[in-house]
S.K.: 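Quick one: the structure is below, and I'll ask about it shortly.
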Amino acid sequence: MTETIKYTATEELAELFTQNREMYEEGCPGFMNRVRSDALEKFVKAGIPSRKNENYKYTDLRPVFQNDFSVLPRYVQQQVDLHEMFHCDVPQLNTHLVLLINGWYYGHNRKIGQLPDGVVLGSLNHVAREHPHLIEKAYNQLAGKSDDPIANLNTAMAKDGLFLYVPDNVTIDKPIQIVNLLYAKENTFAVQRNMFVLGKNSEATIVFCDHTLNNNYYILNNLSECFPEEDSRFNFYAVQNMHNGAVNNTHFFADLKARANLHTNTLTLNGGVVRNNLNIKLKGEYAHADLNGLALADEEQHIDNFIAIDHSVPNCTSNQLYKNILDEQSSGAFTGRIHVLRDAQKTEAYQRNNNVLLSETAEMNTKPQLIIDADDVRCSHGATVGRIDEDALFYLRTRGINEKEARLMIMFAFADEVLSQVNIKVLRQRLEELVNRRLRGELGPCQSCSFNRRN
Amino acid sequence: MLQIKNLHTSVEGKEILKGISIDVKPGEIHAIMGPNGSGKSTLANVLAGHEKYQVTEGEIIYEGENLLEQAPEERAKNGIFLSFQYPIEIPGVSMVNFLKTAVNEHRKHKGQEPLSASQFLKLMEEKKKVVEISSQLTNRSVNEGFSGGEKKRNEIYQMAMLEPKLAILDETDSGLDIDALRVVAKGVNALKSPENATIVVTHYQRLLEYIVPDYVHVLYDGKIVKSAGKELALELEEKGYDWIKNES
């Protein structure tokens, strides 16, 4: 006899929100509060996605939300100094370092170094109240069009996160490193809302590092809206290293204006259920998007990268390169949807997804999808799922390299194609080191966090 | 150095080698010749330790030890080198990293300190001259995008770097034009010493004009049907393999 689980989390979350609505609205400007009802309605209507939702064919999120957890409609003061407690694996990088905690801008962030004049970097909630003109017009303009239930849940519950504004013609040389920490006394559902506004001909680099600081159950719902104006250049790197019982749900929306250049690279090192949504629209001619991802998974990790890219106007280019190395009972999914709209002539859109399965039980689902409504375009897609090349392994071994090392060399070479896309040299080297350690099984989540390593 | 005794091997249940015996002493060059499908490459791969080939009978003694108990990497570190008929392309693994790892594994095995980066680069430069290989190739991924000739040259380059005691050249001449053949042969001869030995596996006599063997063994249908001095190669060239087939 099979037991039927009744999934009630959608209703419970909706009720939780409604009951605490005052708390959710407290301290937020009208433009954030006005969109909550509509978003909640869309969330309730669609429900927490199961495999019946075509976009979640490989990731059933219902069991994930069935656990007990708390929500945080108010900022909770931390009893410890997070700067003392946390030392990220990525540093040694010369970055502007900003900490967020459970989706909130950390109240005791150290002073950020000298930023160029006019740059605004800080708490979304704070900027929304103090400088609403920077946010109001754009807020929820991208996410609001989405049918994704998790994105809508984010809009309903959003209170804080990171905000970055770079004025026209300003370049921020140093990468801005945002460490998204999860640290609470009990199981927690954290909502984080970010916004990146890149003025004309501006340039910035953000490095997101997601970490859990203890072994409680966490769900992070982390949504970013990104507005690269004409001729701007934005690099967005995400290093995901939460423990393998935690859930990471990310959304990244971007509408690119003419000649804007977006580069993303998502590196998933650890995490239980990870779902990354990228929703990119190329809306100005000669805009370019370069989307990369690498996931290394074992145990029962599940990693799903879901990409939708729209070529709306002529002469834009996009490139996707996603790779997974899956071991033990882990599973991966990749969906890459390229939609070339009717007028988008001279589009060039390429996509590649390569996967290596290291065990008999690992599983990969890959689904490229091209929808082309223009006739003068160049598009390609390719997907492979394979195993370690035994001939290459034998070749290396006949030169005296032991089997374990030879395997690592081949895996690292496979992974490094994605890392080689990272165009900041020091960051690339750090990421290569992390990947190398992860492949050697030497990197647990939050390895260098000062306490609470994975047991 | 190497004693192959009554070696039988099979692949996926099919017997390929049906009782081969060869005795190789230091300083010697042995040529294994034979028509396609006679088992030449199988022999080369069995010596290097390819797991696809099962030894069903017989033994291989290398420097007094049972070779069949050694993993491919142990054989390599003990001085066996296989120059592949079809060298494998390994995208993303740089030649430098690959060779450095291999050389230092060999050194570790001999109880030597690993080479520093500068010592290693110096060694690479030195050995490049032996096979006239260009830096353009050694700066790339292992064999990636190399032409057939470049791949073969790269095999001999690796051999020069690793200085094996027993080199097995599997059809190293195939796909080479005459100039490349000369370069490769020159490289092999330059590495020759009274202490090391070479097994040249080839279909044609051509390579043996440059690498002169002490013994020629003719392999046919998994057995050695004739063994003699270097003059046998010429005789084969003249009369063709049918002559052997008819005799056997």
Side-chain angles (χ1 to χ4, degrees), chain A residues 265 267 292-294 296 321-325 352-356 358 382-422 425 428-429 431-433 435-440, chain B residues 44-53 70-110 140-144 151 154-155 157-159 161-164 166-168 170:
Chain A
N265 208 322
L267 172 59
N292 305 282
L294 171 66
L296 314 173
L321 175 65
Y322 273 78
K323 290 190 167 189
N324 292 285
I325 299 179
R352 188 149 57 84
N353 173 234
N354 302 120
N355 308 286
V356 172
L358 299 177
T384 59
V385 180
R387 300 195 180 273
I388 289 259
D389 181 349
E390 292 293 328
D391 290 334
L393 196 60
F394 178 62
Y395 189 79
L396 294 177
R397 293 178 72 191
T398 63
R399 296 328 186 220
I401 300 169
N402 70 52
E403 186 178 355
K404 188 182 165 219
E405 203 59 37
R407 267 182 203 282
L408 284 166
M409 278 175 104
I410 294 167
M411 282 194 283
F412 186 78
F414 175 82
D416 198 46
E417 191 190 359
V418 177
L419 300 180
S420 68
Q421 309 294 319
V422 175
K425 195 180 166 201
R428 184 172 65 240
Q429 288 169 341
L431 296 182
E432 284 176 342
E433 204 180 308
V435 166
N436 200 355
R437 279 166 56 199
R438 178 67 177 86
L439 288 173
R440 288 172 185 276
Chain B
N45 277 290
V46 168
L47 289 172
H50 201 301
E51 283 158 8
K52 194 172 95 179
Y53 303 91
Q70 298 174 18
E73 55 268 32
E74 292 173 62
R75 298 180 194 204
K77 286 185 282 192
N78 288 330
I80 292 183
F81 180 89
L82 171 64
S83 168
F84 280 60
Q85 181 177 8
Y86 302 109
I88 311 294
E89 297 194 17
I90 314 179
V93 175
S94 74
M95 279 293 294
V96 174
N97 187 26
F98 160 62
L99 281 172
K100 194 171 177 208
T101 310
V103 166
N104 282 335
E105 284 291 327
H106 277 72
R107 291 181 66 85
K108 196 163 102 190
H109 185 69
K110 290 179 202 149
R140 301 226 298 252
S141 290
V142 178
N143 292 321
E144 192 184 26
K151 282 180 183 167
N154 190 22
E155 294 294 287
Y157 178 56
Q158 292 169 42
M159 179 175 149
M161 291 291 287
L162 299 174
E163 298 180 329
L166 174 65
I168 303 151
D170 187 7

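In the text below, chain A, chain B and the rest are named by the order of the sequence lines, each starting its count at 1.
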S.K.: Side chain, backbone, both or neither: which part of B:His106 has an atom under 4.5 Å from a heavy atom of chain A?
M.R.: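 It is the side chain, since no backbone atom gets that close.
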
S.K.: Contact part of B:Val142 toward chain A, heavy-atom cut-off under 4.5 Å: side chain, backbone, both or neither?
M.R.: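 Side chain only.
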
S.K.: Is B:Pro87 in contact with chain A via its backbone, its side chain, both, or neither, using a 4.5 Å heavy-atom distance?
M.R.: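 For B:Pro87, the contact with chain A is made by backbone and side chain together.
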
S.K.: Answer yes or no: are there more than 12 heavy-atom neighbours, outside A:Gln429 itself, under 6.0 Å from its atom CD?
M.R.: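 Buried by this count: over 12 neighbours within 6.0 Å.
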
S.K.: Please determine, by modelled atom types, if B:Asn78 and B:Gln70 share a side-chain donor-acceptor pair under 3.5 angstrom.
M.R.: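 Result is yes, a qualifying pair exists.
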
S.K.: In terms of heavy-atom proximity below 4.5 Å to chain B, should A:Asp391 be classed as side chain, backbone, both, or neither?
M.R.: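 Its backbone and side chain both get close to chain B.
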
S.K.: Who among B:Ile88, B:Asn45, B:Leu162, B:Ile90 has the most heavy-atom pairs with chain A under 4.5 Å?
M.R.: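 Answer, by heavy-atom pair count under 4.5 Å with chain A: B:Ile88.
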
S.K.: Please enumerate all residues that pass side chain to side chain contact (heavy atoms under 4.5 Å, CB included) together with A:Asn402, with sequence neighbours excluded.
M.R.: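 Partners of A:Asn402 by the side chain to side chain contact (heavy atoms under 4.5 Å, CB included) criterion, ordered by chain and then number, come out as A:Lys404, A:Glu405, B:Glu73, B:Glu105.
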
S.K.: Name the region of A:Glu390, side chain, backbone, both or neither, that has any atom closer than 4.5 Å to a heavy atom of chain B.
M.R.: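 Answer is neither: A:Glu390 stays 4.5 Å or more from chain B.
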
S.K.: Between A:Arg399 and B:Ala76, is there a donor-acceptor pair closer than 3.5 Å when you use the side chain of the first and the backbone of the second?
M.R.: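 Not confirmed, A:Arg399 side chain does not pair with B:Ala76 backbone.
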
S.K.: Run the side-chain donor-acceptor check on residues 91-102 of chain B: report pairs under 3.5 Å with partners two or more places apart or on a different chain.
M.R.:
| unit_1 | atom_1 | unit_2 | atom_2 | d |
| --- | --- | --- | --- | --- |
| B:Ser94 | OG | B:Asn97 | N | 3.0 |
| B:Thr101 | OG1 | B:Asn97 | O | 2.6 |

